[in-house]
Amino acid sequence: MHWELEVTLFIFLVAAALLALESRNLLTAVVSLTVFSFLSALLYVAMGAVDVGFTEAVVGGGVSGVLFVVTIFKTTRTCRD
Amino acid sequence: MRDYESDDIVILVSRTLSPFIMLFALYVIFHGHYSPGGGFQGGTMLAAAVILIRLAAGMDIAQLQFPRALGMPLGAVGVLIYFGTGVAAMLGGGSFLDYAYLPLPGAAAALRSLGILFVEVGVGLAVVGILVSIYDDLLESGER
């Protein structure tokens with residue numbers, strides 16, 4: 001029904017995933033992962049799964065980002081690959 | 001955090017925002033059985049509000065709001081509420097988590113609605129306790 005919206009969200013989703021994978025700065029990767037999570041929550045809501053989208057937005061965009069940031073503070077900020 | 005220094009704007013915004021997040025989380029928990037959401041989502045939002053204060057004001061001040069030692073007992077109490085609801089239904093004559101047999105006055109349909117509310121509250125408390133406890137343990141590791 002909303003195929004234009006879904007295609008746009010998918011394009012941004014893939015862009016956020018590629019940025020999270022390729023970024024050298026781990027903090028950038030974490031922020032990009034949070035964006036990925038929030039975009040996938042929007043996709044779930046657009047597809048009609050409101051409960052799943054709610055869970056994804058709360059967990060992926062709220063708590064797991066904070067836990068990743070704390071882990072980066074505890075370790076290093078740049079990847080060495 | 002190690003490089004923590006007090007910032008008035010961040011503290012003001014987070015302590016203004018945190019009660020509203022908590023209120024919405026309570027709404028999500030208590031309306032979980034007839035709208036999207038439930039114990040897990042509401043509990044995670046409640047934990048996010050607590051963690052927001054911890055991030056903004058630092059660990060020492062945040063102890064006044066939610067002490068570090070409270071996390072694990074709260075999680076255990078949540079699991080006990082869930083399990084106790086199931087066992088109470090068993091004691092009332094039904095099978096495990098069969099809310100219609102809860103030893104409370106009321107019709108079977110009303111008892112089913114009440115029973116799922118107990119379970120949501122238990123799940124919410126457990127999720128709050130364990131998530132805040134995970135954050136505390138992650139922050140504390142390596143500092144001793």
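Chain letters run A, B, ... following the sequence lines, proteins first, then strands; residues in each count from 1.
- When every heavy atom of B:P36 is checked against every heavy atom of A:V50, the shortest pair comes out as CG-CG1, 3.7 Å.
- Across all their heavy atoms, B:L138 and A:L67 have their closest contact at CD2-O, 3.7 Å.
- The 12-atom threshold is not exceeded at CZ of B:F20, counting heavy atoms of other residues, nucleotides or ligands nearer than 6.0 Å.
- Note: A:K74 NZ to B:E140 CD = 9.0 Å, rounded to the nearest 0.5 Å.
- When hydrophobic clusters are built by joining Ile, Leu, Val, Met, Phe, Trp and Tyr residues whose side-chain heavy atoms come closer than 4.5 Å, directly or via intermediates, A:F54 is not grouped with A:F38.
- Hydrophobic clustering (side-chain heavy atoms under 4.5 Å, transitive across Ile, Leu, Val, Met, Phe, Trp, Tyr) groups A:L5 together with A:L13.
- A continuous path of ILVMFWY side-chain contacts below 4.5 Å connects B:V87 to B:L97, so both sit in one hydrophobic cluster.
- When heavy atoms are compared at a cutoff of 4.5 Å, A:V58 approaches chain B by way of both its backbone and its side chain.
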